[in-house]
Protein chains: 2
Amino acid sequence: MKVRIKEVAVAAGVSAATVSKVLSGRADYPVHARTAERVRRVARDLGYVPDIAARHLRTRQTGQLGVVLEAVGPSEPDSLLGGLSVSHAVRRTFDGAIMAGLSEAARELDVPALVVYPGGDLDVRSFLDGRVDGLLVSCDPLRGHALLRGLTDAPVPIVALWTQVAPAGIGVVDVDHAYGAGLAVRHLLELRHRRIAFYGGGAGSGVEHFAQREAGYRQALEHAGLTPLPAIHDGGRLLQAVRDGVTAVFAETDLGAAAAFHALHGAGLRVPADVSLVGFDDIQGAEYIAGGLTTVYHPAAEMAVAGVQSLVARLEGESPRTTLLPPRLIQRRSTAPVQGR
Amino acid sequence: MKVRIKEVAVAAGVSAATVSKVLSGRADYPVHARTAERVRRVARDLGYVPDIAARHLRTRQTGQLGVVLEAVGPSEPDSLLGGLSVSHAVRRTFDGAIMAGLSEAARELDVPALVVYPGGDLDVRSFLDGRVDGLLVSCDPLRGHALLRGLTDAPVPIVALWTQVAPAGIGVVDVDHAYGAGLAVRHLLELRHRRIAFYGGGAGSGVEHFAQREAGYRQALEHAGLTPLPAIHDGGRLLQAVRDGVTAVFAETDLGAAAAFHALHGAGLRVPADVSLVGFDDIQGAEYIAGGLTTVYHPAAEMAVAGVQSLVARLEGESPRTTLLPPRLIQRRSTAPVQGR
DNA sequence: CTGTTAGCGCCTTCAA
DNA sequence: TTGAAGGCGCTAACAG
């Protein structure tokens, strides 16, 4: 049978109230140092662990943070590809990174536990059941995020991860995709490329992050006095663009860069000798794409850390804020100075 | 202010007990259908959500499952490599897959929430605080799993993931690494390879799974009347082995396969024309290794699903059991029938 | 079929 | 500085 506070009290020769005062964690109760010491020792010897359910009921708070991983994909392997579809695998790496970041931040900030809701047909109201003091919603960047809309006036603070469009009152933490794209483009500019193509759906994809990456691309070029090219999302047109003088390609994702490389390579073009190629995300395996893909590291774990920090700050009374994390360039071997042609 | 059960009771013209009986989820209480219907409607109209803390305290159970991700790595990018170290990235993909599997299984089995402990200097006793009804421990396959040792007589059922060595009383779910290795070797045998090398640390690495993969390799060869070769974990020796007649290489991991390919490629050997190559794990990016690596898919998400199922079964009274999940072969382009030489 | 009663274990007044 | 009392919101047992 588990040890209760009453038993500790009896063993220590004090009342339950005193034990509570000593062990509740709050230091502002007046307890004699010797008494406190004795209580602590007895509690330890007896292996006393406060019952969390009773404490939650009494204090009306848990210290726990809820996590909704909207992005956690299905576990079924995609039989068409023999294994898991590649984009699923990418998603999972991000999910893993996010979990790692959440765990680490929780540890640092003394969050006792993270409550992960299994998702599915989540009812928004299930968040006001007293299980958590705040909620982190990791949005799926490829889909919308209907969840957030129902959370406008939730009874606990909410922080959205991986998006920049959230209703008022909801904090936001995201990667600065536009800045990351600028990093990639400026790297190519420094290598004296002047005709730089954007490969991917961009704004036309309807995906927030891809639109931002294209915007970052355009802005960096315009800032350099150059004219951005329309987004290309097709191998044939990419080849045409290269024939028309493009010397460098910024792909919206590493997966896109792999596809671009495939098209280029198939047409006998060499990377980086004939065309420089930069991706975005630094996915696992980027090392093996195009002989070592230069790309933009996507700080997913750092984003999760910032999310926990932001939520804890909210719990401590701060207002909702927006945090954008700067990606950084990872130089490998798919970019080189432009060659005279 | 939140709605309490009492208010629902008053609004519906019944007692709090009746409301509880209707909404507790258990169907075995005798309540008049019309009464139940009215209660449900009133509760919905009022937006009533049962207070989880009070319910936990009263029922002494939560329905929640705890998760310890021993394997969640640090979030700091490894600056030496410019990005995250590759093995960290692999780890994260597995962590993401495990979270996806856990979430999915929790959804299917009506587990209301997963409680993720942040790890760190975890005190075993923190699991008997009434937060969870059972615990899943995802072990780090590359390190030991000290945690399990302290969990021998925990007050809640425990299931260990990703290991086969656990103290008595702890259920186990793992991938069948030996079987997976057999799959790889038999694939090579069917391509008429007879001199097949094992590339990796194997039993000598001290890593449980790698030892099992080597054992599976040896067993498959012996079963075919062939003699296994000593494990090779060095590019130079691998080349020597190929010069000595080896025509196929089974690498203990996909990352190892990438290294083997690098050594082979550097020496002018072609894969699969000169040497066939098989990996293990089907990591993200395997598509790009060695021109498309044939490998063994590691069912991490499926393992997590099985873990939740196993734990829920324990909760329903079953005994601890051991579950081994069969990997399966993913054929790509790094293996070919042996060439006469 | 429904209501009354009595706690679950803890923390927080308030009085001593 | 310590202890006694009360109650957080819910559900299980029992009575009606």
Side-chain angles (χ1 to χ4, degrees), chain A residues 1-40 42-43 46-64 112 125-126 128-131 133 155, chain B residues 1-40 42-43 46-64 112 125-126 128-131 133 155:
Chain A
M1 200 49 195
K2 283 179 58 178
V3 182
R4 301 296 172 223
I5 199 172
K6 182 70 191 165
E7 302 163 48
V8 176
V10 170
V14 295
S15 74
T18 301
V19 177
S20 173
K21 284 168 189 164
V22 174
L23 300 179
S24 68
R26 303 179 43 182
D28 52 349
Y29 282 115
V31 179
H32 195 100
R34 258 216 312 283
T35 311
E37 181 48 42
R38 182 156 36 93
V39 167
R40 260 187 283 269
V42 170
L46 261 43
Y48 169 68
V49 176
D51 185 277
I52 229 71
R55 177 178 283 178
H56 289 175
L57 176 58
R58 180 61 235 239
T59 62
R60 309 276 52 197
Q61 50 179 351
T62 66
Q64 295 174 163
R125 291 181 307 179
S126 54
L128 37 102
D129 61 5
R131 223 183 287 262
D133 293 350
Chain B
M1 198 51 193
K2 283 179 57 177
V3 182
R4 301 298 173 220
I5 197 170
K6 183 70 190 165
E7 301 163 49
V8 176
V10 169
V14 295
S15 73
T18 300
V19 176
S20 172
K21 283 168 190 165
V22 173
L23 301 178
S24 67
R26 302 180 44 182
D28 52 348
Y29 279 117
V31 179
H32 195 99
R34 255 213 316 279
T35 312
E37 182 46 42
R38 181 157 34 96
V39 167
R40 258 187 285 269
V42 170
L46 261 44
Y48 169 69
V49 176
D51 186 275
I52 228 71
R55 179 179 279 177
H56 289 174
L57 176 58
R58 181 63 239 237
T59 63
R60 308 277 55 201
Q61 50 178 356
T62 65
Q64 294 174 166
R125 290 181 308 178
S126 55
L128 35 103
D129 62 4
R131 221 182 289 259
D133 292 349

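Just so it is clear, the structure is predicted and the values come from calculations on it, not from any experiment. In what follows, every heavy atom counts, from backbone to side chain, and hydrogens, waters and symmetry copies are set aside. Residue numbers start from 1 in every chain, and the chains themselves are labelled A, B, ... in the order their sequence lines are given, proteins ahead of strands.
- Nucleotide D/dC10 holds its P atom 14 Å from the CZ atom of A/R131, rounded to whole Å.
- Between A/Y29 and C/dC11, a side-chain N or O to OP1/OP2 separation shorter than 4.0 Å is absent.
- A 4.5 Å side-chain heavy-atom check between A/R34 and A/E37 finds every atom pair outside the cut-off.
- Within the structure, the salt bridge (Lys or Arg N to Asp or Glu O under 4.0 Å) test picks out no pair touching residues 8-23 of chain A (sequence neighbours left out).
- For B/S15, no side-chain nitrogen or oxygen approaches OP1 or OP2 of C/dT4 to under 4.0 Å.
- Residues satisfying the side chain to side chain contact (heavy atoms under 4.5 Å, CB included) criterion with B/A54, sequence neighbours excluded, are A/L57, B/D51.
- Atom pair A/Q61:CD and C/dC10:P shows a separation of 17 Å (rounding to whole Å applied).
- Contact of B/K21 with C/dG3 (side chain to base): a donor-acceptor pair of N or O atoms is detected under 3.5 Å.
- Residues B/G130 and A/K2 share a closest heavy-atom pair of N-NZ, 4.0 Å.
- Axis deviation across the helix from C/dC1-D/dG16 to C/dA16-D/dT1 amounts to 40°, comparing end segments of five pairs, rounded to 10 degrees.
- Rounding to whole angstrom units, NZ of residue B/K6 and C1' of D/dT11 are separated by 14 Å.
- Taking atom NE2 of B/H56 as the reference point, atom P of D/dC10 lies 12 Å away to the nearest angstrom.
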Shorter than 3.5 Å, N or O on both sides, protein versus nucleotides 6-8 of chain C: list them out with atom names.
from	atom 1	to	atom 2	distance (Å)
C/dG7	N2	B/R58	NH1	3.2

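- Contacts of B/S15 classified as side chain to side chain donor-acceptor pair (under 3.5 Å), with partners at least two apart in sequence or in another chain: B/T18.
- With sequence neighbours left out, A/R40 forms a salt bridge (charged side-chain N to carboxylate O under 4.0 Å, His left out) with no residue at all.
- Atom P of nucleotide C/dC10 and atom CD of A/E7 are separated by 9 Å, given to the nearest angstrom.
- Every side chain to side chain contact (heavy atoms under 4.5 Å, CB included) that B/P112 has, sequence neighbours left out, goes to A/R131, B/Q64.
- Annotation for A/Y48 and A/V3: closest pair CD1-O, 3.4 Å, computed over non-hydrogen atoms.
- The distance from the CD1 atom of B/I52 to the OG1 atom of B/T59 is 9.0 Å, given to the nearest 0.5 Å.
- Remark: A/S24 engages no residue in a side chain to side chain donor-acceptor pair (under 3.5 Å) (not counting sequence neighbours).
- Among C/dT2, C/dG9, C/dT12, the nucleotide with an atom closest to any side-chain atom of A/A17 is C/dT12.
- Against DNA chain C, the stretch residues 31-38 of chain B makes heavy-atom approaches under 4.0 Å through B/V31, B/H32, B/T35.
- One finds a side-chain N or O of A/Y48 lying less than 4.0 angstrom from the OP1 or OP2 phosphate oxygen of C/dC10.
- Minimum heavy-atom separation, B/L46 to B/A11: CD2-CB, 4.1 Å.
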Side chain to side chain contact (heavy atoms under 4.5 Å, CB included) evaluation trace for A/R55 with B/D129 | CA-CA 10 Å; A/R55 177 178 283 178; B/D129 62 4; over 6 Å; no
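- Counting to the nearest Å, the C1' atom of D/dG9 and the CG atom of B/D51 are 6 Å from each other.
- If you take CD1 of A/I5 and C1' of C/dT12, they are 12 Å apart, rounded to a whole angstrom.
- When the side-chain nitrogen and oxygen atoms of B/S20 are compared with OP1 and OP2 of D/dC10, none of them lie within a distance under 4.0 Å.
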